[in-house]
Amino acid sequence: MTEARIIRVVGAIAEAQPLRDVALYELVEVGERRLLGEVIRIQDDIATIQVFEETSGLGLHEPVRRTRSSLTTQLGPGLLGSILDGIGRPLPGLAERSGDFIASGMTLPTLDPEAAWSFEPIVKPGATVSGGDVLGTVEERPGMIHKVLVPPGLGGRVAEIQQGTFTVSDTVATLDDGTGLSLSHPWTIRNRRPFARRLPGDRPFITGQRVFDLLFPGDEGGSVAVPGGFGTGKTVIEQSLAKYAKADVMVYIGCGERGNEMAEVLHDFGRLMDPQTGRPIMDRTVLIVNTSNMPVAARDASVYLGMTIAEYYRDMGYHVAVLADSLSRWAEALREIAARLQEMPGEEGYPTYLANRMSHLYERAGRVESQGTPTRTGAVTFISAISPPGGDFAEPVTQASLRVAGALWALDASLAHQRQFPAVDWDTSYSLYTDGTTEWFSREGGSDWPELRIETIRLLQRDRELREIAGLVGVDALEDEDRLVLEGATIAREFLIGQNAFHPHDAFSTVAKTYHLAKLLWAFMRTGEAALGGDVSFDKLDLAAVRVAFGAVKTAAPDALDQRIEDAEHAIAQMEAP
Amino acid sequence: MKRLDAPVARTYSGAASAAGPLLFVRPTRRAKLGEWVRIEGEGQQDRRGQVIDVGTEITVIQVFEDTLGLRPAEAAITLAGETATTVVGKDLLGRALTGTGAPLDGLPPSIGEARLPIWGAPINPVRRQHPSDFIETGVSAIDGMNTLVRGQKLPVFSAPGLPGIELAADIVENARPARGEPFAVVFAAMGITERETETFVSRFRESEVMQRTVLFLNQASDPTIERLLTPRVALTTAEHLAFTHGIHVLVVMADITHYAEALREVAAAREEIPGRRGYPGYMYTDLASLFERAGVLKEGNGSVTQLPVVSLPDGDMTHPIPDLTGYITEGQIVLSRELHQRGVYPPVDVLPSLSRLMNAGIGEGSTVPEHREWADQLYAVYARGREAKLMAAIVGSEGLAPGDRRALDFVDAFEKKLIHQSRTRRSLLDTIQIGWSLLETLPRDELTRISDTAWESRGRDDASTEVPR
């Protein structure tokens with residue numbers, strides 16, 4: 001048979017001929033340097049390939065070899081703590097081979113083939129297993145139990161199963177038909193992993209950011225779109241969530257973003273401790289890094305790789321949060337490739353299947369009951385940053401996200417210019433998870449949580465109306481009651497929903513702290529109204545002391561929090577004293 | 001065995017067709033993507049080009065020089081067998097070169113130390129050091145409010161008629177490495193005018209600054225498409241100085257807008273599907289391939305810091321060029337026409353300006369411990385004052401609350417004393433001192449961003465007490 005050869009190269013796209021009976025999305029090795037690529041179009045015996053590595057220097061007539069499999073990743077112990085590129089190669093390994101700059105044409109396994117893991121079987125010989133069953137466990141990181149699963153689709157009677165120390169490719173169990181099972185198995189990243197059934201969401205995704213937890217809660221298994229123009233703090237939010245949000249496993253996808261930011265993530269994550277468990281956060285994190293100057297086709301793959309790893313830990317019964325920064329860069333990768341293929345463009349040059357691909361992606365989030373025994377429930381929460389051109393949300397990526405996402409955390413440039421962070425626009429943001437999570441918050445936060453939430457939103461809305469009026473007539477012309485609203489809203493903005501991501505005690509807020517701050521704001525408003533009702537003029541209120549007290553609560557160390565709350569209650573009670 | 005990637009030059013006679021900056025050539029043996037091309041036409045200067053699309057039917061070559069007068073059928077086209085390279089070396093310091101590295105100063109071509117491909121390779125993110133070393137630029141609006149650090153890419157958003165290039169030149173002249181480490185400047189001019197070039201070059205010719213500078217000049221009158229190479233040649237040179245010689249290199253690239261227009265021109269000639277405002281859909285990726293070449297490595301001493309200048313068409317921040325730039329760079333320094341007209345120099349509007357890496361580069365051990373609170377407080381009052389200014393335009397300053405009135409007065413003082421500094425270099429400590437003296441005019445209880453510790457220890461940083469005019 002004639003060997004397939006390159007007949008065209010343009011940008012990240014190559015065409016090869018003759019390639020008969022090749023499959024769509026089959027992985028191929030392109031050229032002398034054996035660059036990895038994926039077949040994305042087949043026309044007679046010509047295959048169009050998107051190449052995951054730099055194509056510069058690729059020439060006509062160079063060979064193209066088939067691999068007869070599609071882009072897969074090996075799932076098993078050792079994923080936690082790893083730093084992968086968009087197609088699953090460990091970046092530290094690439095650095096060992098090619099130094100400070102990434103060379104092309106290197107293949108490296110995702111999982112360390114030499115690492116040894118101590119395996120404890122759960123299943124006994126003679127038992128019948130099927131896809132998704134837990135064969136046994138491995139302690140992947142201190143306190144983190146990795147459940148070794150029977151790969152979906154396989155099953156049979158266990159002939160033999162061993163306890164001991166194994167690498168990820170050693171056989172630990174054999175089925176009657178001779179099938180060997182190991183600690184790891186491959187999965188095609190573009191296919192979602194199966195589960196038994198979807199479950200409704202019933203608990204919030206605790207972010208540690210008051211503006212989200214109080215006003216626009218996320219949901220375990222939910223999805224949130226976070227659009228914002230540049231400089232509105234998307235990345236700081238994504239990083240804060242990766243550091244402090246409550247989840248068993250975090251998958252952080254740096255998709256087409258800045259190298260220096262990724263260096264910061266790598267630097268910070270290596271040092272920070274998880275506030276919930278006290279262990280290094282890298283122990284629960286998988287980082288996928290494809291910076292904007294790395295090959296564009298690998299940007300497309302990086303998002304699917306992240307989702308696949310997340311689903312894998314979900315199937316073990318964990319709650320996994322996937323943080324993608326940013327989905328716009330992924331969409332642009334699709335656009336770039338579609339344009340090279342001269343496909344008929346849809347809106348803004350994006351391919352017509354953009355919305356479709358996006359909803360498939362968002363729908364991989366969810367809370368589910370896994371396949372197999374013992375029964376496990378796990379969840380994948382998906383938080384995607386979006387970078388709308390010019391900060392204008394009326395663009396295809398934002399709009400397609402909103403169709404499927406359950407919450408919108410809209411970031412606003414003018415708030416960012418006022419240094420109001422997180423710069424979440426409370427007028428346009430929303431959450432469809434509010435009702436579903438109310439019960440949880442009332443139980444864990446405080447019974448009046450729903451009222452505090454509504455009260456805060458109303459205050460902020462009233463503030464906006466009053467500011468419009470004040471803009472016309474001046475603040476002094478407002479009634480005292482209205483000036484109190486302005487003051488309350490300022491306190492809300494500065495101390496309740498404003499949070500300093502770089503302050504050691506303010507970067508993360510427990511549900512209890514969020515509740516108390518909201519409650520203090522409520523107390524301030526009630527006390528103020530009572531004072532004004534009692535004929536005290538607004539100018540006589542001692543607001544400076546109240547502000548200082550709120551500031552002290554906001555930045556209080558955990559062991560001083562109760563005292564600061566008490567101080568603030570006192571300052572509020574005293575504010576009408578001369 | 002013969003190495004397949006060994007450069008083998010092949011010459012073909014005649015191209016099938018030509019359109020704008022593109023030549024379409026019939027099948028060529030083993031043409032490679034990105035391969036360097038020489039085009040000879042009778043009685044004409046040689047032109048250079050690059051393969052941007054290889055196919056068995058047709059190979060597309062992008063020509064860097066003007067194609068005026070080129071007869072495609074008669075041209076001799078030589079494929080060099082290798083992709084574009086440039087000569088790098090320490091002996092380039094002090095030289096003025098064309099946009100592709102040929103001498104402009106009458107001296108013989110540099111021998112250099114190596115010949116490197118200009119396309120560069122991505123830095124492995126795990127080998128990047130997170131930038132955190134403060135660079136003192138001598139400009140208050142930057143050092144104090146939007147601090148630049150080594151390895152950062154911080155563009156200046158200028159507009160026609162605003163002194164973006166002048167500000168870049170000030171920084172080049174005044175920037176000092178923190179501990180007297182080796183420092184160099186690489187200037188990549190893309191389509192800037194004779195006058196702008198003069199602003200930049202004449203200031204350095206006389207001073208010692210030129211000895212630590214390499215100039216790559218593609219001017220407005222030079223071939224447009226050559227602009228696509230200029231920043232890459234400059235960055236390859238900078239990377240070599242930084243990562244082989246351990247020098248801290250500041251790369252000034254002016255003007256990114258002209259670069260993006262060259263990109264659009266090629267895309268249009270190829271009949272690609274245009275994106276926003278006719279710019280190609282891959283412009284983000286293309287700009288990233290320039291801007292992402294800034295950085296610091298974990299091992300080794302040097303760094304590449306970028307200061308691109310972007311002219312905002314019609315002053316519009318949402319135009320695709322500044323918009324995509326802002327998404328890649330780590331902040332922006334925004335110039336304001338209003339401040340410029342009021343004689344404030346440099347006319348930096350600090351509200352939309354931002355340095356994303358500021359937090360890593362300031363504070364205890366780098367600048368002054370209270371730097372963050374100091375800057376936040378100045379921002380807060382200035383922002384409040386600017387809002388009050390709008391309100392005062394409607395209700396008159398009488399109608400403002402006392403706090404707003406004070407903030408309104410603060411705006412003027414802040415712009416005149418802190419932002420404005422003419423051409424003089426101002427040390428960071430002087431900048432901090434001026435900031436404190438401005439804040440001291442306000443009641444302490446309005447300064448909610450300043451902690452008591454910071455307030456008490458202000459001004460203890462041996463600042464000279466020199467008061468600016």
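Reckoned from all heavy atoms, side chains included, excluding hydrogens, waters and symmetry mates.
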(message) Tell me whether A/D539 is salt-bridged to A/R483, with the criterion being a basic N under 4.0 Å from an acidic carboxylate O.
(response)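 A/R483 and A/D539: salt-bridged.
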(message) Between A/E53 and A/R33, does any NZ, NE, NH1 or NH2 come within less than 4.0 Å of an OD or OE carboxylate oxygen?
(response)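 Salt bridge flag = no for A/E53 with A/R33.
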In terms of heavy-atom pairs under 4.5 Å, which option from [options] contacts chain A the most?
options                       : result
B/R356, B/M391, B/E398        : B/R356
B/V54, B/V350, B/T318, B/L351 : B/V54
B/I328, B/L324, B/V296, B/I52 : B/I328
B/F243, B/F291, B/Y327        : B/Y327
B/V60, B/I123, B/T59, B/I394  : B/I123
B/Q152, B/E272, B/R276        : B/R276

Side chain from CB out, backbone as N, CA, C, O: work out which of these in [X] comes under 4.5 Å of a heavy atom of chain B, or both, or neither.
X      : answer
A/A544 : side chain
A/T291 : side chain
A/Q17  : neither
A/E15  : neither
A/R329 : side chain
A/E54  : neither
A/E96  : backbone
A/I83  : side chain
A/P388 : both
A/R258 : both
A/V9   : both
A/L266 : side chain

(message) Is it the case that atom CZ in B/R26 sees more than 12 heavy atoms from other parts of the structure closer than 6.0 Å?
(response)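 It does not: B/R26 CZ has 12 such atoms or fewer within range.
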So which heavy atom on [X] is nearest to which on [Y], and how close?
X      : Y      : result
B/Q50  : B/W119 : NE2-CZ2, 2.9 Å
B/D404 : B/A388 : O-CB, 3.7 Å
A/N290 : A/P295 : ND2-O, 3.5 Å
A/A12  : A/T55  : CA-CG2, 4.1 Å

(request) State yes or no: are the ring centers of B/H319 and B/F157 separated by less than 6.0 Å? (result)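 No, too far apart.
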(message) Run the side chain to side chain donor-acceptor pair (under 3.5 Å) test against A/S302 and tell me which residues pass, sequence neighbours left out.
(response)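 Partners of A/S302 by the side chain to side chain donor-acceptor pair (under 3.5 Å) criterion come out as none, since no residue qualifies.
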(request) Can you measure from CD1 (A/I337) to OH (B/Y282) and round to the nearest 0.5 angstrom? (result)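 That separation rounds to 14.0 Å.
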(request) Please state whether the side chain, the backbone, both or neither of B/S451 comes within less than 4.5 Å of a heavy atom of chain A. (result)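 Contact with chain A: none, neither part.
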(message) Using side-chain heavy atoms (C-beta onward) and a distance below 4.5 Å, is B/I362 in contact with B/R372?
(response)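 Yes; the side chains approach each other to less than 4.5 Å.
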